[in-house]
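To start, the structure under review is shown below, and the notes come after it.
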Amino acid sequence: MASAEPDLLLVGLDHRSAPVELREQVSLAEEQAADALVHLLAREEIHEALVVSTCNRTEVYVDPRAPGAEEVVVDQVFRARAPEAAEPGRLFVRNGPEAARHLLRVASGLESMVLGEPEILGQVRQAGALAERVGAAGPVLGKLSRAALAAGKRARAETAIGEGAVSLGYATLELTRNIFDRLEGRRAFLLGAGEIARSAAKALTERAGLQITVTNRGEERLKEFLADFPQARPVPFEARGSGTAEADVVIAATGAGEAILTATDLRSAMRRRPDRPLLVVDLGVPRNVEPGARRVENLFLHDLDSLDGLIQKNLRRRREEVPKVEEIVAGELERFLRWWRGLEAEPLVARLQKQAEAIRQRELAAVLERFPAELHEEVEHLTRSLVRKILHHPSTRLRAQDEERTLPQLELVRELFQLGDEEE
């Protein structure tokens with residue numbers, strides 16, 4: 001007979017247990033994840049498998065078929081790519097409902113490096129789709145994947161766990177939306193082409209569709225930026241004054257040791273656009289924009305400190321939403337466990353119905369000849385209907401049980417109807 005709780009297994013590592021260098025080594029691209037799933041299914045210890053792999057986590061969920069599944073996952077997915085991943089303290093293991101709860105928390109953004117991070121829900125969806133495509137997700141992990149997606153969607157629809165910018169790039173976007181009523185047709189000018197500038201460009205283009213102009217002192221980094229953002233228009237660094245005058249949003253993110261935009265530069269730029277406000281976001285350390293530019297009329301200057309204040313405010317708001325998300329996770333987990341416990345009854349219900357049908361046929365065969373031939377079909381239909389109606393409520397109740405008393409009830413039904421002790 002099946003266990004009272006799902007015999008799930010999770011083996012993984014994430015940003016809490018492993019440095020980025022190690023996470024990179026065990027991270028799986030889609031093709032690698034598909035290959036890993038196929039190899040896991042080839043082992044007799046594993047019945048179903050699901051792999052969630054992002055830049056911050058690689059987690060393998062399995063429905064074991066036999067003892068030894070954990071060792072198989074550790075060897076094939078982690079130790080094979082990075083032996084140090086199997087060192088004590090690197091991998092975490094969850095079993096049963098805790099493994100299921102973890103995936104629901106991941107999809108809801110509660111396990112992310114940045115609380116409420118929105119991309120993880122799509123990554124969990126892709127992981128579930130891949131597992132189904134290669135035949136690795138059967139009824140259990142397929143159902144768990146859908147439960148995780150339901151929890152993630154509800155978390156974003158019913159709470160503010162994903163609202164408010166909590167990265168420099170998206171904080172810049174939030175500031176832009178605060179200044180301008182409409183973003184359609186707006187232009188952004190990036191001074192710098194490094195990681196921070198890329199983060200801002202990603203947010204402004206993907207979420208708001210801003211047109212991007214970029215400049216950078218170094219040609220190599222500028223080429224790399226343009227490879228990622230081919231729609232961006234490059235301008236010479238010496239032309240940053242005209243680039244500023246044409247833009248609606250200016251983002252300065254260079255490693256320069258002095259201000260590359262002075263108050264005088266910005267006054268000159270504003271004279272060329274007297275009726276248009278300008279948002280200037282200084283993401284440089286040291287600061288790229290002269291602080292005196294704050295006094296320039298119709299110019300809104302924000303630096304790292306003001307963005308950090310916005311980010312911290314949004315993080316506090318997200319943290320306040322955690323109890324609501326935990327409640328959603330608990331509810332979706334209970335639905336999954338209720339479904340699992342319903343599986344406990346299926347073999348017993350099937351046997352009960354089979355036994356009842358055998359009794360019906362035996363008793364009917366003994367008396368059917370006493371009825372006129374033209375009534376045989378009607379008597380057949382009547383007896384089938386009686387059996388079906390008699391068993392309907394008990395079968396429904398057995399499948400629906402979600403309390404700890406499920407197993408004793410199943411044993412009682414077995415004893416009452418003498419259904420035998422052979423394996424289900």
Side-chain angles (χ1 to χ4, degrees), residues 6 8-17 23 27-28 30 33 37 48-63 92 94 96-133 136-167 169-170 173-174 202-203 206-207 314-340:
L8 292 171
L9 168 69
L10 158 63
V11 181
L13 55 74
D14 62 11
H15 57 278
R16 297 187 184 93
S17 66
R23 299 200 304 271
S27 179
L28 301 170
E30 183 174 339
L37 288 171
E48 301 179 35
L50 171 73
V51 172
V52 178
S53 187
T54 73
C55 56
N56 286 324
R57 70 182 64 253
T58 295
E59 298 175 349
V60 181
Y61 298 80
V62 300
D63 179 20
F92 52 82
R94 308 259 193 281
E98 288 309 308
R101 185 194 308 276
H102 186 87
L103 183 59
L104 270 61
R105 286 176 55 85
V106 167
S108 301
L110 294 178
E111 295 289 336
S112 297
M113 180 180 288
V114 177
L115 182 65
E117 185 267 312
E119 293 181 359
I120 187 61
L121 181 59
Q123 292 164 335
V124 171
R125 181 183 293 107
Q126 291 167 6
L130 177 63
E132 290 198 8
R133 193 160 63 245
V140 176
L141 290 183
K143 182 71 172 180
L144 179 59
S145 294
R146 292 189 290 276
L149 293 179
K153 290 176 183 176
R154 287 186 58 198
R156 282 152 183 79
E158 300 173 23
T159 78
I161 191 69
E163 294 182 8
V166 291
S167 69
Y170 286 98
L173 174 59
E174 189 169 324
K202 184 175 187 290
E206 291 185 358
R207 297 295 179 91
N314 289 335
L315 279 173
R316 284 193 297 273
R317 185 184 181 193
R318 289 190 179 193
R319 283 193 288 267
E320 290 170 357
E321 297 296 292
V322 167
K324 298 178 186 176
V325 180
E326 293 282 16
E327 189 174 334
I328 289 171
V329 167
E332 293 298 334
L333 176 63
E334 183 53 35
R335 288 189 187 190
F336 171 74
L337 294 178
R338 188 181 304 133
W339 170 84
W340 170 270

Worksheet item: Taking the side chain from Ser17 and the backbone from Leu13, do they hold a donor-acceptor pair closer than 3.5 Å?
Response: no
Worksheet item: Does some side-chain heavy atom of Leu141 sit less than 4.5 Å from a side-chain heavy atom of Leu8?
Response: yes
Discussion item. Donor-acceptor pair, distance only, cut-off 3.5 Å: does the side chain of Glu321 make one with the backbone of Thr159?
Written reply: no
Item to complete: Could you walk me through whether Leu10 and Val60 pass the side-chain contact (heavy atoms from CB on, under 4.5 Å) test, one step at a time?
Response: CA-CA 6 Å; Leu10 158 63; Val60 181; 5.9 Å; no
Worksheet item: With a 4.5 Å limit on heavy-atom distance, are the side chains of Pro97 and Leu337 in contact?
Response: yes
Practice prompt. Determine, stepwise, if the pair Arg101 / Glu98 fulfils salt bridge (charged side-chain N to carboxylate O under 4.0 Å, His left out).
Written response: CA-CA 5 Å; Arg101 185 194 308 276; Glu98 288 309 308; 3.3 Å; yes
Item to complete: Indicate yes or no for a side-chain donor-acceptor contact from Thr54 to the backbone of Asn56 under 3.5 Å, with no hydrogens or angles considered.
Response: yes
Item to complete: May I have all residue pairs that pass salt bridge (charged side-chain N to carboxylate O under 4.0 Å, His left out) and include part of residues 136-153, sequence neighbours excluded?
Response: Glu132-Arg146
Fill in: Under 3.5 Å donor-acceptor, Arg318 side chain and Gly162 backbone
yes
Discussion item. My understanding is that only residues two or more places apart in sequence, or in another chain, count here; which of them pass side-chain contact (heavy atoms from CB on, under 4.5 Å) with Arg156?
Written reply: Ile120, Leu121
Worksheet item: Is a side-chain donor or acceptor of Glu59 paired with a backbone partner of Gly12 at a separation under 3.5 angstrom?
Response: no
Worksheet item: Around atom CD of Glu327, are there more than 12 heavy atoms of other residues, nucleotides or ligands at under 6.0 Å?
Response: no
Item to complete: Evaluate whether atom CZ of Arg125 has more than 12 neighbouring non-hydrogen atoms of other residues, nucleotides or ligands under 6.0 angstrom away.
Response: yes
Worksheet entry | Spatial distance of atom CG (Leu173) from atom CD (Glu206) [nearest 0.5 Å] | 11.0 Å
Worksheet item: Is there a donor-acceptor pair under 3.5 Å between the side chain of Ser53 and the backbone N or O of Leu28?
Response: yes
Fill in: Within-4.5 Å side-chain heavy-atom neighbours: Asp14 and Val106
no
Worksheet entry | pair Thr58-Val52: side-chain heavy atoms closer than 4.5 Å | no
Discussion item. Is any side-chain heavy atom of Leu144 closer than 4.5 Å to one of Leu50?
Written reply: no
Item to complete: Would you check if His102 and Phe92 make a side-chain contact, meaning some heavy-atom pair closer than 4.5 Å?
Response: yes
Worksheet item: Looking at Arg94 and Glu111, does any basic side-chain N land under 4.0 Å from a carboxylate oxygen?
Response: no
Item to complete: Apply the side-chain hydrogen bond (donor to acceptor under 3.5 Å, both in side chains) test between Asn314 and each candidate in Glu163, Glu174, Arg319; give the one that qualifies.
Response: Glu174
Discussion item. A side-chain contact here means heavy atoms from C-beta on lying under 4.5 Å apart; do Ser108 and Glu326 qualify?
Written reply: no
